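Given the structure is predicted, the values throughout are model-derived calculations rather than measurements. Each chain gets a letter, A, B and so on, in the order its sequence line appears, and its residues count up from 1.
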Number of protein chains: 2
Amino acid sequence: MGDMSGEEVRWLTAEEQVSWRAYLRGNRELDIALDRDLQAAGISLSEYELLSMLSEAPRGQLRMSALAELIVQSRSRVTHTAARLERRGWVVRTPAPDDGRGVLLRLTDRGRAAIETFAVIHVGSVRRHLVDVLTPEQFAALGAAMQAVRDSYAADPAMPDPAC
Amino acid sequence: MGDMSGEEVRWLTAEEQVSWRAYLRGNRELDIALDRDLQAAGISLSEYELLSMLSEAPRGQLRMSALAELIVQSRSRVTHTAARLERRGWVVRTPAPDDGRGVLLRLTDRGRAAIETFAVIHVGSVRRHLVDVLTPEQFAALGAAMQAVRDSYAADPAMPDPAC
DNA sequence: CCGCTTTAGTTGAACAGTCAACTAGCGCGG
DNA sequence: CCGCGCTAGTTGACTGTTCAACTAAAGCGG
């Protein structure tokens with residue numbers, strides 16, 4: 001992996017440090033702000049993301065594993081989160097018709113109503129804390145950069161083999 | 001809440017959606033990758049950040065509250081994290097000389113040795129997953145955008161008054 | 001069609017993070 | 001110099017996340 005043996009460490013330059021710190025802290029601040037706004041309405045950001053993916057899916061339903069991949073959460077976490085949302089009556093679990101192991105998570109009518117309310121709050125929050133504080137060019141550049149990160153992550157799913 | 005009265009909701013445009021999603025997911029993937037690399041070495045990213053701030057501070061020491069603000073974590077969280085690091089022998093708590101309520105957290109020699117090891121791993125991780133997958137321009141733009149987010153957050157510490 | 005490995009998902013215990021309540025020292029107004 | 005509110009930090013209970021172990025079905029090779 002990386003630099004195996006006696007490689008020199010390539011420290012960040014002063015400018016890189018500045019960008020990196022801005023990313024790290026800004027990121028945290030943004031997460032806090034977005035979560036705070038949704039929490040005030042009674043849902044967490046990660047729960048919202050799950051519901052949101054369901055609401056966009058063909059019949060308001062998705063396989064647990066598909067969901068996990070979409071929102072970048074562990075299977076276990078999705079199981080727990082889904083259980084919480086199920087208790088609230090926003091989703092239901094049904095066995096997948098084609099695969100005996102699979103589970104389809106489906107948005108209920110109440111779930112759909114709920115997420116429509118949350119979406120209004122959330123979009124306002126995203127605008128206020130992110131979109132509207134950047135120029136359109138800045139925002140586009142941010143998106144492009146993060147997409148590049150995603151692409152490289154996808155190319156390297158779970159770290160190269162130690163044997164490399 | 002959100003839009004006070006009969007305001008229209010300003011949904012994200014298709015392009016904005018794409019950027020926003022890339023940010024949200026990419027961000028999560030990056031956090032996972034960075035944390036995974038540090039965890040393999042035996043420390044979490046947030047613990048690392050705390051030690052890192054201490055290592056850069058004048059006498060390797062900082063007030064709890066200063067630390068909390070620097071790494072954007074709640075006071076409570078810093079207390080818990082510091083307790084964990086103290087158990088590992090990497091930091092010590094001492095009463096602040098000038099303020100009877102205050103606590104100074106100081107890096108021990110073992111703590112400094114530890115963080116030097118972690119730093120090598122971490123910088124490699126940051127390069128591999130972020131810096132090196134972007135052009136210098138992209139990375140600078142990312143930093144600038146997130147700095148703008150920070151600035152707006154700082155201007156608006158805990159949400160505008162409902163009276164606005 | 002019988003093992004074997006892989007994939008889907010769940011479970012419960014351990015751990016980290018949040019929240020609200022609390023202690024204690026500071027600092028100000030009178 | 002006393003009372004009151006504010007700031008610093010801690011605590012413990014609760015909630016959410018992670019991790020490793022588990023069940024069960026699918027797929028694959030012989």
Between [N] atom [atom2] and [X] atom [atom1], what is the distance in whole Å?
X	N	atom1	atom2	result
Met64(B)	dT11(D)	CE	C1'	13 Å
Leu45(B)	dG17(C)	CG	C1'	15 Å
Arg75(B)	dA20(C)	CZ	P	16 Å
Gln39(A)	dC14(D)	CD	C1'	14 Å
Gln73(A)	dC19(D)	CD	P	14 Å
Asp31(A)	dG16(D)	CG	P	17 Å
Arg87(A)	dG16(D)	CZ	C1'	11 Å
Ile32(B)	dT18(D)	CD1	C1'	12 Å

Response to the item:
When Arg84(A) and Asp99(A) are each assigned the nearest nucleotide of DNA chain D, the 5'-most assignment goes to Arg84(A)
Worksheet item: Mind checking whether Leu130(A) and Val18(B) sit in one hydrophobic cluster, side chains of I, L, V, M, F, W, Y counted as touching below 4.5 Å?
Response: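 Leu130(A) and Val18(B): separate clusters.
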Presence of [X] side-chain N/O under 4.0 Å of [N] phosphate oxygens OP1/OP2:
X	N	value
Ser44(B)	dT18(D)	no
Arg101(A)	dT7(C)	no
Arg63(B)	dT7(D)	no
Ser65(A)	dG9(C)	yes
Arg93(B)	dG9(D)	no

Does [X] use its side chain to pair, donor to acceptor, with the backbone of [Y] at less than 3.5 Å?
X	Y	result
Arg110(B)	Arg88(B)	yes
Thr81(A)	Arg77(A)	yes
Arg106(B)	Leu54(B)	no
Arg150(A)	Arg25(B)	no

Discussion item. Once hydrogens and angles are ignored, does a donor-acceptor distance under 3.5 Å link the base of dG12(C) to the side chain of His80(A)?
Written reply: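 Under the 3.5 Å cut-off, the side chain and the base do form a donor-acceptor pair.
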Discussion item. Ignoring hydrogens and geometry beyond distance, is the side chain of Ser76(B) in donor-acceptor contact with the base of dT11(D) at under 3.5 Å?
Written reply: yes
